[in-house]
Amino acid sequence: SAHGHKGRNPNRSKKPKTPQDALKVAEAAAENLSTDPKQGCKKHELYVSFRDLGWQDWIIAPEGYAAYYCQGECAFPLNSYMNATNHAIVQTLVHFINPETVPKPCCAPTQLHGISVLYFDDSSNVILKKYRNMVVRTCGCH
Amino acid sequence: NFTLDNEVQSSFIQRRLRNQERREMQREILSILGLPHRPRPHIYTKQNAAPMFMLNLYNAISTYGQQPAGFSYYKPVFTTQGPPMVTPQDSSFLNDADMVMSFVNIGQVDREIKTQRRHNREFRFDLSRIPEGEAVSAAEFRIYKDYIRERSENETFHVSVYQVLQETSDSDDYLFLLDTRVVWAAEEGWLVFDITATSNQWVVNPDQNLGLQLALESMDGQSVNPRLVGLLEGSGPQDKQPFMVAFFKATEVRLRSVR
């Protein structure tokens, strides 16, 4: 439906009055994206070190774990460069129609893994516990 | 494609945390781990039998992959001698467990309870600090039996583990038999006794936790000092200390408190 609308609206903060205006803004956003693709939603390295936190006297294992985090912009068109839910694409379009009230999709984990932690408690008993959703496996736009 | 890993970018700014930031970080990670404060174990040695057993469990899980739910796909290492290794039975307990906990013996080391003609040994474990929403799915009492050269190899004994029902009594009526085993004098390795029902009772009613007693008898019913046949109690080597292990299954979704 974007074909035939070649005009540009450089004022992105101005609220589009019609869906056609919104699509013009979307096209402009896509153009901006193509100039800076590194801003896309990506998984980034983050290691949580129990050793650096000074906890090696009570955490037996692991020394730490690669938690990762998600960062980047969820900009139109989402499916051109990253994982995105189908609804995130709709969310983007509605954001263009109402940019002040409807937020963009969020860059967030789409898959998470668990870890196990082995540690002493105050009584020198030992606990092996499974923690779910601790490690980012994939990021995407929601 | 949701099944593939995203490309990982390393853009995190590496810098030293200020003291305040470090404290905040510690507080947040403790919250994620569900702990109200940093544990401060009084006597923490990783060379004791219980931590070594737990580390074996941890390594087994880590070797065979971190699974999103439960401790599934766990392959056990089976041996009874030396440091406490994981048995096939532990494997099935592990598959269903959300948490495993070992307990140190807080009873007086090598305390002998002399009642009538017996030489029972007492063991106590504090189960009062189990996190809420965790139910015991299995529990074991583990004690190491060493090889004793002085006894005839063909000699056999009954090892019995009892739950103590009353604090003081001169008769044996205050004991409830939990599990029993026949051992050879030449036998060496870990003896494992099922104490699941008792552990559940102790978790629900901590006042009833009066500990366990271990008794040893020759085949003709004579009470025998456990030490004389190689049963290692509190004064044995660190990696052969008796301990208790319990497997827990979460009964409710745990929510972090709002701060």
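Residue numbering restarts at 1 for every chain, and letters A, B, ... go by the order of the sequence lines. Nothing here was measured: the structure is a model prediction, and the numbers come from that model.
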* Asked: Which bit of Val48(A) comes within less than 4.5 Å of chain B, counting heavy atoms only: side chain, backbone, both or neither?
  ->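 Interface part for Val48(A): side chain.
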What distance separates [X] [atom1] from [Y] [atom2], expressed to the nearest 0.5 Å?
X         : Y         : atom1 : atom2 : answer
Ser124(A) : Asp126(B) : OG    : CG    : 11.5 Å
Ser49(A)  : Met25(B)  : OG    : CE    : 10.0 Å
Ile59(A)  : Leu33(B)  : CD1   : CG    : 6.0 Å
Leu128(A) : Met99(B)  : CG    : CE    : 9.5 Å

* Where Tyr58(B) and Ser116(A) come nearest, the two heavy atoms and their spacing ->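 The pair with the smallest heavy-atom distance is CE1-O, 3.3 Å.
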* Do Phe103(B) and Ser123(A) come within less than 4.5 Å of each other through their side chains, counting heavy atoms only? ->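 Sidechains of Ser123(A) and Phe103(B): no contact.
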* To do: Please report the C-alpha distance between Ile127(A) and Arg129(B) in whole Å, then the side-chain angles of each, then the deciding distance to 0.1 Å, and finally whether the side chain to side chain contact (heavy atoms under 4.5 Å, CB included) criterion is met.
  => CA-CA 11 Å; Ile127(A) 298 172; Arg129(B) 295 183 189 179; over 6 Å; no
* Asp122(A) side-chain N/O to Arg40(B) backbone N/O, donor-acceptor pair under 3.5 Å ->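 Here the side-chain-to-backbone pair exists.
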* Asked: Just one of Asn125(A), Leu118(A), Val126(A) clears the side-chain contact (heavy atoms from CB on, under 4.5 Å) bar with Pro51(B), so which one?
  ->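 Testing Pro51(B) for a side-chain contact (heavy atoms from CB on, under 4.5 Å) against Asn125(A), Leu118(A), Val126(A) leaves exactly one candidate, Val126(A).
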* To do: Could you walk me through whether Lys130(A) and Ile61(B) pass side chain to side chain contact (heavy atoms under 4.5 Å, CB included), step by step?
  => CA-CA 10 Å; Lys130(A) 172 84 179 177; Ile61(B) 294 163; 5.9 Å; no
* Asked: Residues in side-chain contact (heavy atoms from CB on, under 4.5 Å) with Gln26(B), at least two apart?
  ->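 Gln26(B) satisfies side-chain contact (heavy atoms from CB on, under 4.5 Å) with Leu53(A), Trp55(A), Arg22(B), Arg23(B) only.
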* **Part of Leu30(B) lying under 4.5 Å from any heavy atom of chain A** =>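 Both backbone and side chain.
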